[in-house]
Number of protein chains: 2
Amino acid sequence: MSDTVEKLMDAAESGIRLRGYHAVSFRDLAEELGIKSSSVHYYFRQKEDLGIALVERYAERFFAALDAKASKAKTPEDRIRAFARTYRDALTGSDRICLCGMLGAESCGLPSTLSDAAAEFLQANVDWVAKTLSGTMKPKARKRRAAHIVATLQGAMILASSLKDYSIYDSAVQDLLAA
Amino acid sequence: MSDTVEKLMDAAESGIRLRGYHAVSFRDLAEELGIKSSSVHYYFRQKEDLGIALVERYAERFFAALDAKASKAKTPEDRIRAFARTYRDALTGSDRICLCGMLGAESCGLPSTLSDAAAEFLQANVDWVAKTLSGTMKPKARKRRAAHIVATLQGAMILASSLKDYSIYDSAVQDLLAA
DNA sequence: GCGCATATACCTACAGATAGATTGGCTCTG
DNA sequence: CAGAGCCAATCTATCTGTAGGTATATGCGC
């Protein structure tokens, strides 16, 4: 992957996670890189294509980071903690909410391929947590707990970002994992 | 408040909660009401003014509905349940996420007066929950629990909306309030 | 080592649509 | 007649997306 594509995707991901899909334009991205907007179209024919590429890259990186952390964990509880830490690293490393949390919120206003991609990431998150909890809980309780955990992490990011107080994320997660 | 203003605000609130602030335009709103976009500017000089009016109306209605439900509750636990139900009614009554959850997510891309208004609503939510928990917990634990509760509800709405499965909201909340 | 094709990585220029916003004026009602 | 409510016309800025061109590099047959 060329340097320009990488920088383009970095700028786009950052913009969407901060301000939303519709607040990011090819022109702004181009300007940030010192190129023309038509050159952005050279790499991504449509904005939708860029969005999907971003979700794919994001999902890859997220699950790679998650696996790296979770594989060291001994207990299911520790693996859930690794999950929360992976979310937290994304937040504190950049002060940005989750890409797919943002796209999930905007989903009704997105091209359906893109909202589907974001939904897939979120579902994969819930599934990962549910799978990780297996052995410790019954299926129904596990499903509820998984939804709860992912919802809390996504919501806590938005809360922290809106209130400009990132300790809120830690507060919410501490209480979530206290039980 | 005239009929047109009301309808305008309804359409705008619905659009923002479904698709986000930047995906809603004066032209679309006007078209939905069968008037011209210049007439929308007659009622709201700038888009920002419309946004702020929406948050104010939303907050008023939310806390009115919340107080009506919570005043009937006997225990702190029941009041928290009333809080979750108020959120849920907003979601299931319209299949839309919270207005201020959406604006909170987009906050970095909004006029600061608007993102401040959204943040104020979210903070008021956290404060309400924290206040309601007083007597049952110590201050620090209360603060954490309040952040946790609001984060979960906001996140659960987004999850449900993105996955197009509103039972996810109930799952998350059931697990949240089980303890 | 030369000529030619092809690919990469941009560019200029622009189309067509849409954004938010303004000005001035019409019409109806009290 | 005054004001509320609305529209026509228009401005400027910006959006996504397209068409076609240019400079440079790379590979390939001869």
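In the text below, chain A, chain B and the rest are named by the order of the sequence lines, each starting its count at 1.
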May I ask you to check whether Phe62(B) and Phe121(B) place their ring centers less than 6.0 Å from one another?
yes
To the nearest angstrom, how far is Leu33(A) atom CG from dA9(C) atom P?
14 Å
Nearest to the Lys36(B) side chain among dA8(D), dA19(C), dG17(D), which nucleotide is it?
dA8(D)
May I ask you to say whether Arg17(B) pairs ionically with Asp95(B), meaning some side-chain N is under 4.0 Å from a carboxylate O?
no
Tell me what Asp28(B) touches on the nucleic acid: a base, only sugar-phosphate, or nothing, going by heavy atoms under 4.0 Å.
sugar-phosphate
Answer yes when Arg144(A) and Asp170(B) have at least one side-chain N-carboxylate O distance shorter than 4.0 Å, and no when they do not.
no
Excluding sequence neighbours, so at least two apart, what forms side-chain contact (heavy atoms from CB on, under 4.5 Å) with Val24(A)?
Ile16(A), Arg19(A), Leu29(A)
Can you tell me how far C1' of dC11(C) sits from NE2 of His41(A), to the nearest Å?
14 Å
Any idea which of dG20(C), dT16(D), dC11(C) is nearest the Ser25(A) side chain?
dT16(D)
Using a strict cut-off of less than 4.0 Å between a Lys/Arg side-chain nitrogen and an Asp/Glu carboxylate oxygen, indicate whether Glu13(A) and Arg96(A) qualify as a salt bridge.
no
Can a side chain N or O of Gln46(A) be found less than 4.0 Å away from OP1 or OP2 on dG17(D)?
yes
Just how far, in rounded Å, is P of dA19(C) from CZ of Arg27(A)?
16 Å
Establish, with yes or no, whether the OP1 or OP2 oxygen of dC11(C) is under 4.0 angstrom from a side-chain nitrogen or oxygen of Ser39(A).
yes
Side-chain donor-acceptor contact under 3.5 Å, Asp49(A) with Tyr43(A):
no
In whole angstroms, how far is the P atom of dC15(D) from the OH atom of Tyr21(A)?
14 Å
Send over the distance from Glu6(A) CD to dA9(C) P, rounded to a whole Å.
13 Å
Is any side-chain nitrogen or oxygen of Lys47(B) closer than 4.0 Å to OP1 or OP2 of dG20(C)?
yes
Are Arg85(A) and Asp89(A) ion-paired here, with the side-chain N under 4.0 Å from a carboxylate O?
no
Bend across the helix from dG1(C)-dC30(D) to dG30(C)-dC1(D), to 10°, with axes taken over 5 pairs at each end?
10°
Does a side-chain N or O from Tyr42(B) land closer than 4.0 Å to OP1 or OP2 of dG5(D), or not?
yes
Gln46(A) CD: over 12 foreign heavy atoms closer than 6.0 Å:
yes
Have a look at Phe26(A) and say if it touches a base, only the backbone sugar-phosphate, or nothing, with a 4.0 Å heavy-atom cut-off.
sugar-phosphate
Whole angstroms only, please: what is the CG-P distance between Leu29(A) and dT16(D)?
8 Å
By nearest atom, which of the nucleotides dA9(C), dG17(D), dC11(C) is closest to the Tyr43(A) side chain?
dA9(C)
When we call it a touch if two heavy atoms are under 4.0 Å apart, what does Val40(B) touch: a base, just sugar-phosphate, or nothing?
nothing
Nearest-angstrom distance from the residue atom CG of Leu50(A) to P of dG17(D)
10 Å
What protein N or O atoms touch nucleotides 19-25 of chain D N or O atoms at under 3.5 angstrom, if any, and at what distances?
none

Determine, for Asp127(B) against Lys131(B), whether the closest basic-nitrogen to carboxylate-oxygen distance falls under 4.0 angstrom.
no
Output the distance between atom OG (Ser115(B)) and atom CG (Leu110(B)), rounded to the nearest 0.5 Å.
6.0 Å
